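One structure is given here, and the rest of the page talks about it.
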Amino acid sequence: MAELVIYNTLTRREEPFTPREPHKVAMYACGLTPQAPAHVGHMRGVIVMDIVRRWFEQLGYEVHFVQNFTDIDDKIIRRAHEEGISTREVAEKYSKMYIEDAEALGARLPHFVTVTENMDAIIEMVQRLVDDGYAYVVDGDVYFEVNKFPEYGKLSGRSVEEMQAGARIEVDERKRNPEDFALWKAAKPGEPAWDSPWGKGRPGWHIECSALSLRYLGAAFDIHAGGMDLIFPHHENEIAQSEAYLRCEQPFARYWLHWGPVRLRQEKMSKSTGVVVPIRELRQQYEPAVIRYFLLTVHYRTPLEFSYERLDEAKAALERIRVAYQRGQAFLRERGGANADASVAEPYLQQFRTAMNHDFNTAQALATVFEVVRELNTRLNTPEVAVQPATPAEVAGLLDALHWMMETVLGVPLSMPVAAQDETIQRLMQCVIAWRQELRARKLYDLADRVRDDLKAMGIVLEDTPQGTTWRIA
RNA sequence: GGCGCCGUACCCAAGUGGCUAAGGGGAGGGUCUGCAAAACCCUUAUUCGUGGGUUCGAUUCCCACCGGCGCCUCCA
């Protein structure tokens, strides 16, 4: 079987994946600052990482997946003022919302860690950077000195000189170089603050990810991930401070994985510009499985243009997969179960694995899913004519394959929405279908069609087949 | 100004130095059906932004140009 290949931002190449420790994967994703409701762009990261962890597990790895909440920073402080609650309450409120959204989309949760619970690790890290001469203290602030780290710029592919040429930021006079960044910020009056060797203050923006990932995963961990917009300066700074902290004896992280932005009307979805579709609102309009499917239709590094048309397409495509799956299940109910025969499904499983092994190419993997759907439908369609009439064993094998691809790997449920599973509704539908059958038998087609039309208007689809009438919620 | 990405059919979107350029949505035709729906079959890119170059051969590699986007400031 082909081995897993991952695109590594650090080398700008696809590389075969080799774990730090056999059979184990340690991975870290930069989480968010919980200070506003999450939008579709955030959820793309959630889904990408969920797929990555699931695929590693299928390959037999034990995965330790850590993600942070930056639960104290300037934006949280501002938000707390606006809402008239504490910074802690702000962080808890929006973290909770984020977790609910992630779970609704079928993501298994990472091991969440926060800044405020790990202040000791951060202070210890900053202290060593000061002691080793990588950082300097000014009026209670601590800055990392970029010039002390010769490899600065290796991730984003830029040099300090290039950046200075186009610098647009107002330079803090107290910094030795314009590119130096804060590891620790002295508290202003009234701000939440923690004791440190440099006085009361709080961590700078980048240090938390370094301190938390190294504390929970150790040096040279396998995967460090985030949105592409974090490559510079966030991840560049993380590498500098982390590898300086490790005294340049070990790399910080081994594979850097970045997913592409979600755009809306040709512009990146971003809180700062207000160009945003909150996932909360979208969940009112689309089944979470459809949203998840939509996010998987494009390779994770490609920018994804959000649109309701695309969501509707995703809905139709997912429905096609689900209807085939249900037909197969109905066939097995009628013909009796059988030990699954995987021989028909095997070539498709191979193809699917190849796609996933090629940098988690879900778009390509989905093409294989549809080939299984066609195989299944073809066999179920033509019982007498078929060269290869469907056997329960083969159908069971194809259904197993479909289930594994969609639910186990891609995390998209094949079952219909819960209403269809309600027992009362099921009995009711049986009655309605029986009545309508009677109307059809008496050739009262106008009435039979009215029943079907009325149900359609309610979102219930009736389909008459040679085996009887089926129904589903559209 | 610097660094980088992208441009594949009506729409979305994989992909490869050379076999028929995946798949989905949509549209048209057919089979089946009381009619629908679903499903299946056929049709929808002699061609992969434009112009050069490398090569026996390029959509795929290189250069230029045109168009779109991201980062360089908080950002997932």
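So you know, we letter chains A, B, ... as the sequences are listed, proteins then strands, and number each from 1. If you're wondering where the values come from, they're calculated on a predicted model, not measured in any experiment.
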Problem - Test side-chain contact (heavy atoms from CB on, under 4.5 Å) applied to Val63(A) and Trp55(A), step by step - result: CA-CA 10 Å; Val63(A) 177; Trp55(A) 189 243; over 6 Å; no
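- Only the C1' atoms considered, rG70(B) is 25 Å distant from rC61(B), to the nearest whole Å.
- Taking 4.0 angstrom as the limit, Lys315(A) places none of its side-chain polar atoms (N or O) nearer than this to OP1 or OP2 of rG25(B).
- Atom CZ of Phe370(A) is separated from atom CZ of Arg320(A) by 6.5 Å, given to the nearest 0.5 angstrom.
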Give me, pair by pair, the N or O atoms of the protein and of nucleotides 7-12 of chain B that are less than 3.5 Å apart, along with how far apart they are.
{"from": "rC11(B)", "atom 1": "O2'", "to": "Arg310(A)", "atom 2": "NH2", "distance (Å)": "2.8"}

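- Asn118(A) and Tyr216(A) share a side-chain donor-acceptor pair at under 3.5 Å.
- Salt-bridge check for Glu375(A) with Arg379(A): passed, with a basic side-chain N closer than 4.0 Å to an acidic carboxylate O.
- Heavy atoms of Lys75(A) sit under 4.0 angstrom from primed sugar atoms or phosphate atoms, though from no base atom.
- Within the 4.0 angstrom heavy-atom criterion, base atoms lie near Met269(A).
- Where Pro303(A) and Gln351(A) each meet RNA chain B at their nearest nucleotide, the meeting point lying more 5' is that of Pro303(A).
- For the pair Leu304(A) CG and rG70(B) P, the interatomic distance rounds to 14 Å; values are reported in whole Å.
- Base-pairing analysis of RNA chain B finds the following stems of at least three consecutive Watson-Crick or G-U pairs, with both pairing distances under 3.5 Å: B:1-7 with B:66-72, B:10-12 with B:23-25, B:26-31 with B:39-44, B:49-53 with B:61-65.
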Handout entry: side-chain contact (heavy atoms from CB on, under 4.5 Å) between Val46(A) and Leu105(A), intermediate numbers included
Key = CA-CA 9 Å; Val46(A) 168; Leu105(A) 292 193; 5.8 Å; no
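- rG26(B) and rG1(B): their C1' atoms are spaced 44 Å apart (whole Å).
- In this structure, Arg310(A) is not positioned above the aromatic face of Phe294(A) in the sense of NZ or CZ being under 6.0 Å from the six-membered ring centre and within 45° of the axis.
- Checking Arg12(A) against Glu371(A), the closest nucleotide of RNA chain B that is more toward the 5' end is the one next to Arg12(A).
- Residues that satisfy the salt bridge (Lys or Arg N to Asp or Glu O under 4.0 Å) test with Lys456(A), not counting sequence neighbours, are absent from this structure.
- Because its NZ or CZ atom is both nearer than 6.0 Å to the ring centre of Phe232(A) and within 45° of the ring axis, Arg158(A) counts as a cation-pi partner of that residue.
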Handout entry: Test log, rule side-chain contact (heavy atoms from CB on, under 4.5 Å), inputs Ile239(A) and Trp256(A)
Key = CA-CA 11 Å; Ile239(A) 288 177; Trp256(A) 288 82; 3.4 Å; yes
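- Separating the CZ atom of Arg301(A) from the P atom of rA14(B) is a distance of 10 Å, rounded to the nearest angstrom.
- Residue Gly157(A) is classed as a sugar-phosphate contact, given heavy-atom separations below 4.0 Å to backbone atoms only.
- Remark: side-chain polar atoms of Arg174(A) are not paired, donor with acceptor, to backbone N or O of Asp141(A) under 3.5 angstrom.
- Heavy-atom distances under 4.0 Å link RNA chain B to Gly226(A), Gly227(A), Asp229(A), Leu230(A), Phe232(A) of residues 223-237 of chain A, given in residue order.
- When His224(A), His206(A), Gln67(A) are each tested for a side-chain contact (heavy atoms from CB on, under 4.5 Å) with Cys30(A), only one passes: His224(A).
- A gap of 14 Å separates the P atoms of rG49(B) and rA13(B), to the nearest Å.
- In Lys315(A), the NZ atom is not crowded: 12 or fewer heavy atoms of neighbouring residues, nucleotides or ligands sit closer than 6.0 Å.
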Completion exercise
B/S/- along nucleotides 33-39 of chain B (protein heavy atoms under 4.0 Å) is -BBBBSB
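- At a threshold of 4.0 Å, the pair Glu83(A)-Arg78(A) does not count as salt-bridged, since none of the basic side-chain nitrogens sits closer than that to a carboxylate oxygen.
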Handout entry: Evaluation steps, side-chain hydrogen bond (donor to acceptor under 3.5 Å, both in side chains), between Asn8(A) and Arg13(A)
Key = CA-CA 6 Å; Asn8(A) 189 351; Arg13(A) 283 203 328 252; over 6 Å; no
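- Within the nucleic acid shown, Thr368(A) has no heavy atom closer than 4.0 Å to any nucleic acid atom.
- For the P atoms, the distance from rC74(B) to rC69(B) is 23 Å, rounded to whole Å.
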Problem - side-chain contact (heavy atoms from CB on, under 4.5 Å) evaluation trace for Val5(A) with Phe17(A) - result: CA-CA 6 Å; Val5(A) 167; Phe17(A) 176 75; over 6 Å; no
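- Rounded to whole Å, atom P of rA22(B) lies 21 Å from atom CD of Gln350(A).
- Side-chain N or O atoms of Asn361(A) include none that pairs as donor or acceptor with a backbone N or O of Asn357(A) at under 3.5 Å.
- rG23(B) and rA39(B) have their P atoms separated by 16 Å, given to the nearest Å.
- Atom name P, nucleotides rA22(B) and rC35(B): the rounded distance is 36 Å, in whole Å.
- With rounding to whole Å, Glu375(A) atom CD is found 13 Å from rC40(B) atom C1'.
- One finds a salt bridge joining Arg353(A) and Glu346(A) here, because a Lys/Arg side-chain nitrogen approaches an Asp/Glu carboxylate oxygen to under 4.0 Å.
- Heavy atoms of Thr302(A) sit under 4.0 angstrom from primed sugar atoms or phosphate atoms, though from no base atom.
- Atom CZ of Arg280(A) sits in a crowded spot, with more than 12 heavy atoms from other residues, nucleotides or ligands closer than 6.0 Å.
- Spacing between rU60(B) and rU8(B) at atom P, rounded to whole Å, works out to 14 Å.
- Atom P of rA9(B) sits at a distance of 10 Å from the matching atom of rU50(B), rounded to the whole Å.
- Separating the NE2 atom of His358(A) from the P atom of rG23(B) is a distance of 19 Å, rounded to the nearest angstrom.
- Counting non-hydrogen atoms under 4.0 angstrom, Lys268(A) reaches a base of the nucleic acid.
- For the contact set between residues 253-266 of chain A and RNA chain B, defined by any heavy atom under 4.0 Å, the members are Trp259(A), Gly260(A), Pro261(A), Val262(A), Arg263(A), Gln266(A).
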